[in-house]
Number of protein chains: 2
Amino acid sequence: MTDVKTPINPLFLREEELRQGIELLFFAYRDFTAEPDAILAEYGYGRAHHRVIYFVGRNPGMTVSDLLTILRITKQSLSRVLGQLVEEGFITQRPGTVDRRQRLLELTEKGTELERQLTERQRARFAAAYRDAGAEAVEGFRKVMLGLIDEADRPRFPQRGPGWR
Amino acid sequence: MTDVKTPINPLFLREEELRQGIELLFFAYRDFTAEPDAILAEYGYGRAHHRVIYFVGRNPGMTVSDLLTILRITKQSLSRVLGQLVEEGFITQRPGTVDRRQRLLELTEKGTELERQLTERQRARFAAAYRDAGAEAVEGFRKVMLGLIDEADRPRFPQRGPGWR
DNA sequence: TCTTTACGTCAGTCATGTTGACATATATCG
DNA sequence: CGATATATGTCAACATGACTGACGTAAAGA
């Protein structure tokens with residue numbers, strides 16, 4: 001059977017390929033978030049808290065505005081989540097030196113520890129997927145994912161120059 | 001500067017690569033869902049409705065159990081969403097022929113139309129990303145994404161044999 | 001017949017998003 | 001300096017979509 005040349009409708013193939021992409025994204029995101037969600041639940045937190053902790057950990061000293069731009073939620077939504085994290089000692093705020101209206105955000109030691117615990121599982125998932133797929137596949141993954149992201153946010157992922165790999 | 005051999009810490013590179021993966025997934029999912037969300041809001045629906053409509057459209061005649069397994073939510077959560085879609089004429093239920101306890105789900109014509117409208121934007125996004133990235137990158141994307149998905153669900157994405165491409 | 005399965009429903013709770021209005025401190029511009 | 005804009009926060013009300021727990025019905029299967 002494997003040798004039989006089946007008549008192929010290229011439009012059907014394309015449709016199938018696109019739908020598989022949609023589903024890959026759905027399933028990957030579903031499974032990618034499940035493990036941290038379980039940990040967060042122990043703290044009485046949710047996915048929103050993880051996002052805040054993640055991005056503050058990644059960009060120490062970032063402003064509230066920066067965070068709002070990344071998360072694309074309202075300041076009221078962020079406020080509740082961020083307020084809890086500050087109150088419970090995971091994040092600190094300090095006024096900006098150049099613009100004192102700003103509150104620069106940073107993880108505390110406790111926050112760093114939680115961030116590590118949460119993101120560890122996700123890093124492990126990526127590490128396994130990257131390892132199994134190989135370097136070339138990772139480059140392709142990166143290209144396609146960048147193409148899915150709104151153009152405005154692509155510069156967040158700088159080109160890897162000759163120093164890379 | 002480009003020729004300068006900078007001392008590279010491979011552990012740092014790996015960490016950076018993994019974090020970029022995490023962020024690519026976050027941003028891609030954020031942008032991938034934004035457009036359909038806006039359309040859904042016009043109907044008073046949310047993302048949960050889209051997921052139901054999508055998977056029923058993709059697997060006509062699927063059971064409620066099938067859907068629960070895919071979505072990984074409780075039957076109570078699904079019930080509300082599915083109930084609305086049935087009531088408002090987007091989905092039909094008919095008893096299974098072999099097992100009459102089952103309710104086999106299908107899109108109505110109206111449901112098919114909404115599905116098309118919603119998924120169209122997402123297909124377009126993938127089509128553009130695939131086109132810009134090239135066939136080889138798409139294959140890499142597929143490999144990495146499959147590696148991110150729980151093993152149990154990987155068989156949902158059958159290998160493309162010699163008939164493909 | 002008894003048990004399990006597929007599906008549904010009622011009731012309550014929580015996390016996370018929204019809009020709208022208003023407040024305060026600081027920066028910036030004319 | 002005074003007016004205006006910006007960064008941030010807060011209160012209130014509401015919607016969505018998840019959850020748990022309990023209970024119910026019809027059909028399948030041992």
Side-chain angles (χ1 to χ4, degrees), chain A residues 26 29-30 33-34 36-56 61-88 91-106 118, chain B residues 26 29-30 33-34 36-56 61-88 91-105:
Chain A
F26 167 76
Y29 199 78
R30 185 198 66 176
T33 48
D37 281 358
I39 299 172
L40 288 156
E42 295 169 21
Y43 290 78
Y45 288 158
R47 206 172 287 180
H49 299 85
H50 187 189
R51 293 198 276 253
V52 170
I53 287 177
Y54 179 87
F55 283 108
V56 171
M62 78 189 305
T63 67
V64 173
S65 286
D66 292 341
L67 203 43
L68 285 173
T69 304
I70 287 178
L71 299 177
R72 294 224 188 130
I73 59 175
T74 59
K75 62 177 177 176
Q76 294 92 327
S77 295
L78 174 58
S79 175
R80 190 177 13 197
V81 170
L82 182 55
Q84 287 175 299
L85 291 171
V86 169
E87 176 139 359
E88 293 167 40
I91 288 182
T92 55
Q93 297 176 312
R94 60 179 165 83
T97 47
V98 41
D99 185 337
R100 287 180 315 185
R101 292 171 303 178
Q102 297 177 332
R103 312 269 176 108
L104 309 187
L105 306 173
E106 264 170 37
L118 290 171
Chain B
F26 167 77
Y29 199 78
R30 185 199 66 177
T33 49
D37 281 358
I39 298 172
L40 287 156
E42 294 169 21
Y43 290 79
Y45 288 159
R47 205 173 286 180
H49 299 85
H50 188 190
R51 292 199 276 254
V52 170
I53 288 178
Y54 179 87
F55 284 107
V56 171
M62 79 189 305
T63 66
V64 174
S65 286
D66 291 341
L67 202 43
L68 286 174
T69 304
I70 287 179
L71 300 178
R72 294 223 188 130
I73 58 175
T74 59
K75 62 179 178 175
Q76 294 91 327
S77 295
L78 174 58
S79 173
R80 189 178 14 190
V81 170
L82 182 56
Q84 286 176 300
L85 292 170
V86 169
E87 177 141 356
E88 293 167 39
I91 288 182
T92 55
Q93 297 175 313
R94 60 180 165 82
T97 47
V98 43
D99 184 339
R100 287 180 315 184
R101 291 171 303 179
Q102 298 177 333
R103 313 265 177 108
L104 308 187
L105 306 173

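Residue numbers begin at 1 in each chain, while the letters A, B, ... track the order of the sequences.
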Exercise for the section: For the helix from C:dT1-D:dA30 to C:dG30-D:dC1, figure out the bend between the end axes, five pairs an end, and round to 10 degrees. Expected result: 30°
Handout entry: Phosphate-side-chain proximity, A:S77 and C:dT16, N/O vs OP1/OP2 below 4.0 Å
Key = no
Problem - From D:dG17, D:dT8, C:dC7, nucleotide with atom closest to B:T63 side chain - result: C:dC7
Under 3.5 Å, which protein N or O atoms sit close to an N or O of nucleotides 1-3 of chain D? Give each pair with its distance.
none

Handout entry: A:S79 side-chain N/O to D:dG9 phosphate OP1/OP2 under 4.0 Å
Key = no
Practice task
To the nearest 0.5 angstrom, please state how far the CG atom of B:L104 sits from the CG atom of B:D66.
Solution key: 9.0 Å
Exercise for the section: Compute the ring centroids of B:F55 and A:F26, then answer whether they are less than 6.0 Å apart. Expected result: yes
Pull out every protein N or O sitting under 3.5 Å from an N or O of nucleotides 21-23 of chain C, one pair per line with the distance.
none

Exercise for the section: Looking only at non-hydrogen atoms, find the nearest pair between A:Y29 and A:T33 and report the distance. Expected result: O-OG1, 2.8 Å
Completion exercise
dist B:H49:NE2 -> B:I91:CD1 (nearest 0.5 Å) comes out at 9.5 Å
Practice task
Looking at every strand, decide which applies to A:S65 at a 4.0 Å heavy-atom threshold: base, sugar-phosphate, or nothing.
Solution key: sugar-phosphate
Handout entry: Nearest-Å distance for atom pair CD1/P, residues A:I73 and D:dT16
Key = 19 Å
Problem - Close approaches to DNA chain D from residues 45-52 of chain B, in residue order (heavy atom, under 4.0 Å) - result: B:G46, B:R47, B:A48, B:H49, B:R51
Exercise for the section: Measure from CD1 on B:I91 to C1' on C:dG8 and round the result to the nearest Å. Expected result: 16 Å
Exercise for the section: Only counting residues at least two apart or in another chain, list the ones meeting salt bridge (Lys or Arg N to Asp or Glu O under 4.0 Å) with B:D99. Expected result: B:R101
Problem - For A:E106, all residues meeting salt bridge (Lys or Arg N to Asp or Glu O under 4.0 Å), sequence neighbours excluded - result: A:R94
Problem - All side-chain hydrogen bond (donor to acceptor under 3.5 Å, both in side chains) counterparts of B:E88, not counting sequence neighbours - result: B:Y45
Problem - side-chain contact (heavy atoms from CB on, under 4.5 Å) evaluation trace for B:V86 with B:T92 - result: CA-CA 6 Å; B:V86 169; B:T92 55; over 6 Å; no
N/O donor-acceptor pairs under 3.5 Å from side chains in residues 69-82 of chain B, not counting sequence neighbours:
| unit_1 | atom_1 | unit_2 | atom_2 | d |
| --- | --- | --- | --- | --- |
| B:T69 | OG1 | B:S65 | O | 2.9 |
| B:R72 | NH1 | A:D31 | OD1 | 3.2 |
| B:R72 | NH1 | B:D150 | OD2 | 3.4 |
| B:R72 | NH2 | B:D150 | OD2 | 3.4 |
| B:R72 | NH2 | B:D153 | OD2 | 3.3 |
| B:T74 | OG1 | B:S77 | N | 3.3 |
| B:T74 | OG1 | B:S77 | OG | 3.0 |

Completion exercise
With sequence neighbours left out, the residues meeting side-chain hydrogen bond (donor to acceptor under 3.5 Å, both in side chains) with A:Y54 are B:E23
Practice task
Figure out the CG/P separation between A:L78 and C:dG17, and round it to whole Å.
Solution key: 9 Å
Exercise for the section: Please determine if a side-chain N or O atom of A:T74 lies less than 4.0 Å away from the OP1 or OP2 oxygen of C:dG17. Expected result: no
Exercise for the section: Name the nucleic acid region contacted by A:G83, choosing base, sugar-phosphate or nothing; use a 4.0 angstrom heavy-atom cut-off, strictly under. Expected result: nothing
Practice task
Can you tell me the distance, in whole Å, between the CG atom of B:L68 and the P atom of D:dG17?
Solution key: 16 Å
Practice task
Could you identify which residues of residues 92-104 of chain B place a heavy atom less than 4.0 Å from some atom of DNA chain D, listed by residue number, or say none?
Solution key: B:V98, B:D99, B:R100, B:R101
Exercise for the section: Measure the distance from CZ on B:R80 to C1' on C:dT13 and round it to the nearest whole Å. Expected result: 12 Å
Fill in the blank from the handout: Taken in chain and number order and not counting sequence neighbours, the residues that satisfy side-chain hydrogen bond (donor to acceptor under 3.5 Å, both in side chains) with A:Q102 are none
Exercise for the section: Could you state the atom-to-atom distance from CG of A:D37 to C1' of C:dT16 in whole Å? Expected result: 12 Å
Exercise for the section: Evaluate the side-chain contact (heavy atoms from CB on, under 4.5 Å) criterion for residues B:M62 and B:V56: first the C-alpha distance (whole Å), next the side-chain angles of each, then the deciding distance (0.1 Å), finally the verdict. Expected result: CA-CA 7 Å; B:M62 79 189 305; B:V56 171; 4.2 Å; yes
Problem - A:Q84 CD to C:dT16 C1', straight-line distance once rounded to whole Å - result: 11 Å
Handout entry: Side chains of A:Q93 and A:L105 in contact at under 4.5 Å (non-hydrogen atoms)
Key = yes
Completion exercise
Quick note, salt bridge (Lys or Arg N to Asp or Glu O under 4.0 Å) partners involving residues 39-48 of chain A, not counting sequence neighbours, are A:D37-A:R47
Practice task
Return the value, rounded to whole Å, for the distance between atom CG of A:L105 and atom C1' of D:dG9.
Solution key: 13 Å
